[in-house]
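Remarks on the structure that follows.
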Amino acid sequence: MLQLQQLRQDPELVKKKLAVKYFGEPGLVDEIIVLDDQRKKVQLEFDTNKSQVNSISKEIGQLMAKGQKEEAEQRKQAVAGLNASLQPISEKLAETEKQLTDLLLKLPNLPSDNVPAGKTPAENVVAREGGSKPALPEGSVPHWDLIRKYDIVDFETGAKITGSGFPLYKGKGAKLQRALIQYFLDYNTGAGYTEYLPPFMVNEATAYGTGQLPDKEGQMYYMPADNLYMIPTSEVPVTNIYRDEIVKADDLPIRMTAYSPCFRREAGSFGKDVRGLNRVHQFEKVEIVQLVHPDKSYDALEEMVAHVEKLLQSLELPYRILKLCGGDMSFTSAFTYDFEVFSAAQERWLEVSSVSNFEAYQSNRMKIRFKDANGKTQLVHSLNGSSLALPRILACLLENNQTAEGIKLPGVLHKYFGEEKLA
RNA sequence: GGAGACGUGUCCGAGUGGUUGAAGGAGCACGCCUGGAAAGUGUGUAUACGGGAAACCGUAUCGCGAGUUCGAAUCUCGCCGUCUCCGCCA
């Protein structure tokens with residue numbers, strides 16, 4: 001959530017930035033400021049009245065101690081009246097505060113200054129490309145055929161057990177998943193990220209912290225009996241590790257990595273381009289998260305991008321890195337790079353990672369702060385990225401490396417998979 | 001799931017309903033002391049919001065939320081969490 005202070009400082013600038021994201025209700029900014037003025041007035045009124053009540057109550061205590069019962073009784077009468085008039089003020093204050101938060105929650109994060117202009121994915125900007133697209137041999141097929149050929153993912157049985165979009169990995173397929181997870185985690189911890197294995201369900205407060213709630217509950221699986229949500233990414237539990245904490249400046253940056261399955265309802269998005277592993281309800285992912293000093297968050301972003309890029313290079317996959325345009329960025333992001341790998345048989349790019357700087361948007365919700373050099377408490381900046389999401393990586397590995405003798409695996413995976421080829 | 005105990009600041013730990021934002025330690029920071037260190041010693045050491053140029057003042061916060069009361073860390077209820085015992089269980 002944006003900080004009120006930001007809005008008050010320069011409302012016009014805020015509106016200009018919201019326009020970059022094609023946010024439809026710029027009027028909210030002024031509405032919020034008016035409401036905040038009102039809140040201040042009401043709070044001042046409440047504080048003044050409450051202060052009187054408190055001091056008279058104290059006097060009552062002192063009078064009682066001295067045994068001056070009648071004096072005390074008189075004061076009680078006075079306080080009763082004050083309290084009665086305080087009641088509506090107190091309600092008004094609570095109501096105004098709630099309205100204010102509700103409105104603030106409707107505002108998306110502001111895009112950073114160098115976010116490319118544009119409304120649709122077509123206007124995203126290619127930052128750079130790497131690797132080379134393979135020339136596939138005659139008779140090459142998409143991964144959903146290869147999956148059957150090698151009998152490594154069984155969608156039908158997954159659908160029988162759970163429903164469509166819940167793949168059942170089998171044999172070498174299951175092992176390759178495990179190998180990839182292990183490799184990714186090793187790669188991340190090697191770069192200084194601390195490994196976590198978080199809970200796969202979270203409570204409301206946690207889902208709220210990273211921005212899944214309110215409004216996006218439709219995208220998560222929900223367990224009403226226990227009021228818990230299945231995580232759509234480990235970003236959610238991992239970033240919340242530091243919720244409501246003030247960390248030492250020396251502890252920054254905090255780097256965390258975690259593997260988790262990710263559960264996504266993908267309501268409304270099924271229908272096309274969902275064959276095979278392209279879009280599923282449950283998938284495996286290894287995530288990286290950083291909490292950093294606000295001055296360093298864009299350095300951290302570049303560092304994370306370079307980190308993920310090297311990982312893709314080590315997998316020898318053709319990739320490109322996109323800077324998302326304002327209109328295509330997520331609600332909570334200030335700047336996002338998407339990573340896509342080229343799926344040679346499908347001849348299309350598939351998103352395998354998204355690395356974002358949320359600046360103080362998430363930390364303001366979660367109240368993750370640190371003490372700066374002057375002893376002042378400040379919000380940290382939070383960032384995260386996939387490193388990496390597995391299904392589409394698997395799809396590309398299969399398609400791009402298919403040979404008559406089997407799937408040739410990149411060198412880095414040999415020791416994790418135990419073989420050089422999947423056949 | 002059942003029964004009981006508990007939940008106070010960075011940590012430990014007091015706290016008969018009335019100057020308790022909270023004793024006392026420890027830790028930490030900055031001084032003094034010292035050749036240097038330890039010990040000793042002095043001061044400081046929560047967060048948020050509001051008012052104020054500032055000093056500072058006000059309000060709220062003792063797991064969370066309601067309630068009783070002139071007044072709640074302290075009493076009542078609900079929820080969450082921790083521990084112990086029993087049950088169940090990988």
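Regarding A:N83, its CG atom lies at a distance of 13 Å from the C1' atom of B:U68, rounded to whole Å. Counting to the nearest Å, the P atom of B:G9 and the CG atom of A:D244 are 14 Å from each other. Counting to the nearest Å, the P atom of B:G50 and the CG atom of A:D36 are 7 Å from each other. What separates CZ of A:R369 from P of B:A48 is a distance of 5 Å, to the nearest Å. Here B:C64 presents its P atom at 17 Å from OH of A:Y208, a figure rounded to the nearest Å. Between the NZ atom of A:K58 and the C1' atom of B:A72 there is a distance of 14 Å, rounded to whole Å. The distance from atom CG of A:N49 to atom C1' of B:G50 is 14 Å, rounded to the nearest whole Å. One interatomic measurement links the two molecules: CE of A:M64 to P of B:U19, which rounds to 13 Å at whole-angstrom precision.
Positionally, the nearest nucleotide of RNA chain B for A:G61 lies more toward the 5' end than for the other of A:G61 and A:I246. Between A:S51 and A:R75, the residue whose closest nucleotide on RNA chain B is further toward the 5' end is A:S51.
Listed nucleotides: B:G18, B:U19, B:G58. Nearest to the side chain of A:Q62: B:U19. Of all nucleotides listed (B:G18, B:G58, B:A48), B:G18 comes nearest to the side chain of A:I60. Distance from the side chain of A:V79 is smallest to B:C70 among B:C70, B:G51, B:G58.
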Got a list of side-chain donor-acceptor pairs under 3.5 Å for residues 301-310 of chain A, not counting sequence neighbours?
unit_1, atom_1, unit_2, atom_2, d
A:E302, OE2, A:Y337, OH, 2.7
A:E303, OE2, A:R255, NH1, 2.7
A:E303, OE2, A:Q290, NE2, 3.2
A:H307, NE2, A:N188, OD1, 2.7
A:E309, OE1, A:R128, NE, 3.0
A:E309, OE1, A:R128, NH2, 2.7
A:E309, OE2, A:R128, NE, 3.1
A:E309, OE2, A:Y319, OH, 2.6

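Spacing of C1' atoms, B:U68 relative to B:U76, comes out at 7 Å, to the nearest Å. B:C83 and B:G24 have their P atoms separated by 32 Å, with the value rounded to a whole Å. Taking atom C1' in both B:A37 and B:C32, one finds a spacing of 15 Å when rounded to whole Å. Here, B:C11 and B:A5 have their P atoms 26 Å apart, quoted to the whole Å. One C1' atom belongs to B:A22, the other to B:A46, and the distance between them is 11 Å to the nearest Å. Rounded to a whole angstrom, the distance from the C1' atom of B:G7 to that of B:C79 is 14 Å. Between B:A90 and B:C6, the two P atoms lie 34 Å apart (nearest whole Å). Across B:U34 and B:A29, the matching P atoms stand 22 Å from one another, rounded to whole Å.
Applying the salt bridge (Lys or Arg N to Asp or Glu O under 4.0 Å) test to A:R75 and every residue at least two apart in sequence or in another chain returns A:E59, A:E71. Qualifying side-chain hydrogen bond (donor to acceptor under 3.5 Å, both in side chains) partners for A:D372, counting only residues two or more places apart in sequence or in other chains: A:Q378. Partners of A:E287 according to the salt bridge (Lys or Arg N to Asp or Glu O under 4.0 Å) rule, which considers only residues two or more places apart in sequence or in another chain, are A:K285. Annotation: salt bridge (Lys or Arg N to Asp or Glu O under 4.0 Å) contacts of A:K76 (sequence neighbours excluded): A:E73. Partners of A:Q219 according to the side-chain hydrogen bond (donor to acceptor under 3.5 Å, both in side chains) rule, which considers only residues two or more places apart in sequence or in another chain, do not exist here. In this view, A:T101 satisfies the side-chain hydrogen bond (donor to acceptor under 3.5 Å, both in side chains) rule with no residue, not counting sequence neighbours. Applying the side-chain hydrogen bond (donor to acceptor under 3.5 Å, both in side chains) rule to A:S297 yields the partners A:N357, A:H381; only residues at least two apart in sequence or on another chain are considered.
Sorted by first and then second residue, the ring pair (Phe, Tyr, Trp, His ring centres under 6.0 Å) pairs involving residues 201-258 of chain A (not counting sequence neighbours) are A:Y222-A:Y229.
Dashed line: the shortest gap from a side-chain N or O of A:R39 to OP1 or OP2 of B:C49 is not under 4.0 Å. For A:N54, a side-chain nitrogen or oxygen approaches OP1 or OP2 of B:A60 to under 4.0 Å.
Heavy atoms of A:L82 sit nowhere under 4.0 angstrom from any nucleic acid atom. Contact annotation for A:L44: backbone-only contact, meaning every heavy-atom pair under 4.0 Å involves sugar-phosphate atoms and none involves a base. Across all strands shown, A:T48 has no heavy atoms under 4.0 Å from either base or sugar-phosphate atoms.
The strand RNA chain B forms stems, runs of 3 or more Watson-Crick or G-U wobble pairs with distances below 3.5 Å, at B:1-7 with B:80-86, B:10-12 with B:24-26, B:27-32 with B:40-45, B:46-51 with B:56-61, B:63-67 with B:75-79.
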Protein-nucleotides 75-79 of chain B N/O pairs closer than 3.5 Å?
none

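Here A:K98 pairs with A:D102 in a salt bridge; the nearest charged N to carboxylate O distance falls below 4.0 Å. In this structure, A:R369 does not pair ionically with A:E245, as no charged nitrogen and carboxylate oxygen lie closer than 4.0 Å.
Taking every heavy atom of residues 90-102 of chain A and every atom of RNA chain B, no pair lies under 4.0 Å.
Of all heavy-atom pairs between A:S354 and A:D338, the closest is OG-OD1, 2.9 Å. In terms of heavy-atom proximity, A:T332 sits nearest to A:F358 at O-CD2, 3.2 Å.
Remark: A:K17 is not positioned above the aromatic ring of A:F23, lacking an NZ or CZ atom under 6.0 angstrom from the ring centre and at most 45 degrees off the axis.
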